[in-house]
Amino acid sequence: MSKILIRGAKVLGGEPQDVLIDAGVIAEVGTGLPDEGAEVVEAGGKVLLPGLVDLHTHLREPGREDSETVLTGTRAAASGGYTAVFAMANTFPVADTAGVVEQVYRLGQEHGHCDVQPIGAVTVGLEGRKLAELGAMHESAAGVTVFSDDGKCVDDAVIMRRALEYVKAFGGVVAQHAQEPRLTEGAQMNEGVVSAELGLGGWPAVAEESIIARDVLLAEHVGSRVHICHLSTAGSVEIVRWAKSRGIDVTAEVTPHHLLLTDELVRTYNPVYKVNPPLRTERDVFALREALADGTIDIVATDHAPHPHEDKDCEWAAAAMGMVGLETALSVVQETMVDTGLLTWAGVADRMSFKPAQIGRATGHGRPVSAGEPANLTLVDTEYRGDVDPAGFASRSRNTPYEGRELPGRVTHTWLRGKATLVDGKLT
């Protein structure tokens with residue numbers, strides 16, 4: 001049925017309204033809309049948001065289909081309320097050519113659970129020595145606008161400058177994984193009191209902050225856009241705040257897990273808490289929340305990093321870094337930002353839909369919930385509370401740090417251009 005009436009939803013957390021979808025587009029928003037010929041979704045008490053957009057997802061395909069595929073990853077995205085995700089380039093082969101990014105793009109189109117926008121590598125093979133085919137990837141069917149060597153830092157200042165100059169020509173952006181490699185050799189967790197007590201190699205905050213400081217200055221010099229991936233320290237917040245005060249074109253993201261979890265959890269030696277960048281201190285967590293609230297940090301991005309069981313069920317030092325996040329992100333943001341009074345639901349829509357779509361140039365996404373706009377929407381039961389059970393995840397991997405933890409909120413419906421991808425919490 002092409003006509004759907006969402007009745008009594010709190011649009012962006014406001015007063016209850018009806019939203020009529022017809023032929024993939026929002027036809028009307030108001031009260032008391034007629035339901036003739038429409039499938040009715042009773043949404044009383046629930047919050048209606050624009051479909052979420054994730055600027056930082058690892059779908060692993062091609063090459064690591066044992067962790068995730070475009071199919072399973074986009075099903076996980078739909079379960080979490082996402083209608084668009086940006087797929088990172090550290091696949092096998094690396095997404096550093098037009099051919100590979102087009103493959104990922106077409107797989108997303110075929111599966112249809114959400115739109116998939118590939119991110120192109122900055123350097124060939126993520127090796128940091130030679131620029132990849134940035135122009136060819138942008139001009140391909142995938143229309144790449146975001147480039148990143150995520151998982152590795154573009155640590156060569158000349159290469160980073162050249163990348164910023166290149167993408168400026170077509171309005172692209174370089175998304176930097178800020179990690180000075182020499183300062184993090186052998187690092188296993190955040191450098192601080194806990195690492196000293198546990199005897200684990202420390203990952204100093206300055207390893208992140210020094211790269212961010214360099215890159216915002218390079219962006220200012222070139223007059224180009226730079227985006228900071230998974231910002232994690234209070235010092236990084238201050239650098240980005242300073243850069244924005246100077247008018248530098250910098251944006252930044254924070255992950256849900258860096259808004260909630262701290263390095264104290266590493267005392268368990270459970271590798272599910274091993275992540276890059278590492279979990280930081282409580283002081284950092286609160287600084288990140290405040291920065292997201294005041295707009296210094298622009299968006300929430302999941303850094304959804306699936307790994308097979310054997311890559312996490314091992315000793316800490318040998319474990320892979322990363323956590324899955326698509327299916328729990330909105331719940332964590334509700335707990336850390338909405339339930340604490342730091343953000344309204346309109347603010348959540350801004351940080352998880354509007355701004356990520358703007359940064360990534362995701363056409364048709366991050367649009368207002370108003371007549372004439374594409375019906376990319378998600379409906380959230382904000383009163384729900386329940387324990388996280390990874391056995392029910394749509395993702396192929398289960399490496400969540402929230403297993404057994406009670407979190408608020410549950411996505412009940414997701415629509416991609418008016419087509420339901422999630423109904424009553426179940427994938428279609």
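Nothing here was measured: the structure is a model prediction, and the numbers come from that model.
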Just wondering, do [Y] and [X] contact through their side chains at under 4.5 Å, heavy atoms?
X	Y	value
Ile228	Ser236	no
Ser353	Leu49	no
His177	Leu126	no
Leu5	Leu20	yes
Arg289	Leu260	yes
Leu342	Leu292	no
Met352	Met337	no
Leu422	Ser79	yes

State whether the side chain of [X] and the backbone N or O of [Y] hold a donor-acceptor pair below 3.5 Å, judged by distance alone.
X	Y	answer
Asp96	Gly125	yes
Ser2	Asp22	no
Lys274	Ala319	yes
Thr400	Tyr402	yes
Asn399	Gly322	yes
Asp18	Gly32	yes
Arg367	Pro374	no
Thr421	Thr414	yes
Gln117	Ala142	yes
Asn190	Pro278	no

Which heavy-atom pair separates [X] from [Y] by the least distance, and what is that distance?
X	Y	value
Leu288	Ser232	CD1-O, 3.8 Å
Thr31	Pro16	CG2-O, 3.8 Å
Val206	Leu183	CG1-CD1, 4.0 Å
Tyr82	Ala329	OH-CB, 3.4 Å
Val237	Ala291	CG1-CB, 3.6 Å
Ala163	Leu131	CB-CD2, 3.8 Å

Salt bridge between [X] and [Y], side-chain N to carboxylate O under 4.0 Å?
X	Y	result
Arg64	Asp66	yes
Arg280	Glu208	yes
Arg7	Glu42	yes
Arg161	Glu165	yes

message: Pair Glu282, Asp263 - check side chain to side chain contact (heavy atoms under 4.5 Å, CB included), show working.
response: CA-CA 8 Å; Glu282 185 177 64; Asp263 60 355; over 6 Å; no
task: Any chance you could lay out the side chain to side chain donor-acceptor pair (under 3.5 Å) test for Thr328 and Ser331, step after step, and finish with the verdict?
output: CA-CA 5 Å; Thr328 53; Ser331 291; over 6 Å; no
task: Might you work through the salt bridge (Lys or Arg N to Asp or Glu O under 4.0 Å) test for Lys244 and Asp298, ending with a clear yes or no?
output: CA-CA 11 Å; Lys244 288 188 172 188; Asp298 301 84; 2.8 Å; yes
Do [X] and [Y] have side-chain N/O donor and acceptor atoms under 3.5 Å apart?
X	Y	value
Asp54	Thr302	yes
Thr184	Gln179	yes
Thr412	Asp381	no

So which pairs with a foot in [range] pass salt bridge (charged side-chain N to carboxylate O under 4.0 Å, His left out), sequence neighbours left out?
range	result
residues 339-356	Asp350-Lys355
residues 411-428	Asp115-Arg417
residues 219-228	Glu220-Arg246

Separation of [Y] [atom2] from [X] [atom1] (nearest 0.5 Å):
X	Y	atom1	atom2	answer
Arg405	Asp387	CZ	CG	11.0 Å
Asp389	Arg398	CG	CZ	9.0 Å
Met88	Asp303	CE	CG	7.0 Å
Cys114	His365	SG	NE2	8.0 Å
Ile299	Phe354	CD1	CZ	14.0 Å
Ser397	Asp311	OG	CG	8.5 Å

query: Could you go step by step and tell me if Thr296 and Arg241 meet the side chain to side chain donor-acceptor pair (under 3.5 Å) rule?
result: CA-CA 6 Å; Thr296 301; Arg241 185 174 283 130; 3.2 Å; yes
- request: Take Ser395 and Leu326 through the side chain to side chain contact (heavy atoms under 4.5 Å, CB included) test and state the conclusion after the steps.
  value: CA-CA 9 Å; Ser395 172; Leu326 285 168; over 6 Å; no
field: Verdict with supporting geometry, Leu12 and Val369, side chain to side chain contact (heavy atoms under 4.5 Å, CB included)
entry: CA-CA 8 Å; Leu12 274 60; Val369 181; 3.8 Å; yes
field: Qualifying residue for side chain to side chain contact (heavy atoms under 4.5 Å, CB included) with His227, from Asp249, Val146, Val173
entry: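 Only match with His227 under side chain to side chain contact (heavy atoms under 4.5 Å, CB included): Val173.
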Stepwise side chain to side chain contact (heavy atoms under 4.5 Å, CB included) test for Leu231 and Val240: CA-CA 10 Å; Leu231 185 151; Val240 170; 3.7 Å; yes
- request: Report, as yes or no, whether the 6.0 Å neighbourhood of atom CZ on Arg385 holds more than 12 heavy atoms from other residues, nucleotides or ligands.
  value: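 Above 12, so yes.
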- prompt: Mind checking whether His56 and His230 have parallel, tilted or perpendicular rings, split at 30° and 60°?
  reply: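 Rings of His56 and His230: tilted, as their planes differ by 30° to 60°.
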task: Could you tell me how the ring of Phe170 sits relative to the ring of Tyr166: parallel (under 30°), tilted (30 to 60°) or perpendicular (over 60°)?
output: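 Geometry flag for Tyr166 against Phe170: perpendicular rings.
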Matching residue for His304 among Glu327, Glu68, Arg60, His58 - test: side-chain hydrogen bond (donor to acceptor under 3.5 Å, both in side chains): Glu68
